[in-house]
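Encoded as structure tokens, the structure appears first; notes follow it.
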Amino acid sequence: MAANKKTLRQQRILGELDLEPSLRIADLAERLNVSNETIRRDFDELTSQGLINRTYGGAVRRQASEPGLNERHQLHIAERESIAKQSVPVLAGARHIMIGSGATTVHVAKRLAVTMTDLTVITHSFGVATVLAINPTIRVIMAPGLYHAQEGAMHGAQTVRFLENYRVEWAILGASGLDGDGASDALIEAADVYSVMMERATRSMIVADHTKFNQAFPARYCDWTSVDVLVTDESPMGVLDQTIRAGGCMIKAATRN
């Protein structure tokens, strides 16, 4: 009977994570009317089965691929807004930057549009270009290339060659996953673009929420020695935190409103 209850509870946990990609132990314990320790044990078992990934204080559903951009725009909005708010002051004084595609980078671009002036932004993301358009003092240079409809961005050899012609102070990039090896992306074509953006920037910033911690996707585009700043909504813990800092990357954890 106890085993059956555990199986049903773990199925419920997976169902909840299908609806909400990231959940905290305390929230699940309250919903299921069990102790935090019971949820921790369930998380350990589901992690060992390859069904979820643990995060600090919670868990996320393990995915072979990342949801499309439109779906991602509906997730973790408060976290992304706080990340954007925290990231923009770091860019003070910059005049030329590159911005990669992604839901979080669009939030950063929105914040840039209302807080900065006399800026040139080079991007391959139509979402980034669109939100920057409200500020007439921001000049947007759109990279050419092969259009990826699901991501709303340009990719490919033409995009890479175009970006190689520029030099900027900052590259601002998102990521599908962050682990001890560095930042990775589910879309191989995007990783190619992000790599060249970092090469052409004096400094680089990754903006990503806590659900990306301890996750790895097919295309790794940098290690932590190549990243100057990670801006996130919660500080990573344990080995990941140590690895990031050992690479010389500063971590800025946003304070939620």
Side chains of Asp44 and Thr47, donor plus acceptor under 3.5 Å: no
Partners meeting side-chain contact (heavy atoms from CB on, under 4.5 Å) with Val88 (sequence neighbours left out): Arg111, Leu112, Thr115, Met116
Salt-bridge present (Lys6, Asp42; N to O < 4.0 Å): no
Note: Glu164-Arg161 ion pair, threshold 4.0 Å (strictly below): no
Sub-4.5 Å side-chain heavy-atom contact between Cys222 and Val227: yes
Which atom of Ile188 lies closest to which atom of Ala219, heavy atoms considered: CA-CB, 3.8 Å
Rounded distance [0.5 Å steps], CG in Leu32 versus CG in Leu8: 11.0 Å
From Lys85 atom NZ to Lys110 atom NZ, the distance as rounded to the nearest 0.5 Å: 16.0 Å
Polar side chain donor-acceptor pair, Thr120 to Arg139, under 3.5 angstrom: no
Contact summary for Leu132 and Ala109, nearest pair of heavy atoms: CD2-O, 3.4 Å
Minimum-distance pair of heavy atoms, taken over all atoms of Leu240 and Gly180: CD1-N, 3.9 Å
Side-chain donor/acceptor of Ser184 to backbone N/O of Arg220, under 3.5 Å: no
Side-chain donor or acceptor of Glu169 paired with backbone N/O of Ala94 under 3.5 Å: no
Donor-acceptor side-chain pairing of Tyr194 and Ser101 below 3.5 angstrom: yes
Working for side-chain contact (heavy atoms from CB on, under 4.5 Å), residues Leu119 and Asn135: CA-CA 10 Å; Leu119 186 67; Asn135 187 332; over 6 Å; no
Derivation and outcome, side chain to side chain donor-acceptor pair (under 3.5 Å), residues Ser226 and Asp223: CA-CA 6 Å; Ser226 305; Asp223 58 30; 3.2 Å; yes
Crowding at CG, Asp118 (>12 non-hydrogen neighbours, <6.0 Å): yes
Criterion side-chain contact (heavy atoms from CB on, under 4.5 Å) on Leu163 and Met197, from CA distance to verdict: CA-CA 7 Å; Leu163 294 171; Met197 283 184 167; 4.0 Å; yes
Ion pair check, Glu16 and Arg31, cut-off under 4.0 Å: yes
Thr159 side chain vs Pro144 backbone, donor-acceptor pair below 3.5 Å: yes
Stepwise side-chain contact (heavy atoms from CB on, under 4.5 Å) test for Val231 and Ile206: CA-CA 6 Å; Val231 185; Ile206 292 178; over 6 Å; no
Geometric class of the Phe162/Tyr166 ring pair [parallel <30°, tilted 30-60°, perpendicular >60°]: tilted
Distance, nearest 0.5 Å, that separates CE of Met154 from CZ of Phe126: 4.0 Å
Name of the residue among Thr104, Val108, Ile172, Thr232 meeting side chain to side chain contact (heavy atoms under 4.5 Å, CB included) with Ser87: Val108
Residue pair Ile122, Ile97: steps toward the side-chain contact (heavy atoms from CB on, under 4.5 Å) verdict: CA-CA 6 Å; Ile122 304 166; Ile97 64 176; over 6 Å; no
Separation of Gln10 CD from Glu45 CD (nearest 0.5 Å): 4.5 Å
Transitive ILVMFWY side-chain link Tyr147 to Val128, under 4.5 Å: no
Distance (rounded to the nearest 0.5 Å) between Leu178 CG and Phe217 CZ: 10.0 Å
NE2-CG distance between His107 and Asp209, expressed to the nearest 0.5 angstrom: 10.0 Å
Partners meeting side chain to side chain donor-acceptor pair (under 3.5 Å) with Thr130 (sequence neighbours left out): none
Taking every non-hydrogen atom, the tightest pair across Met142 and Ala129: SD-CB, 4.0 Å
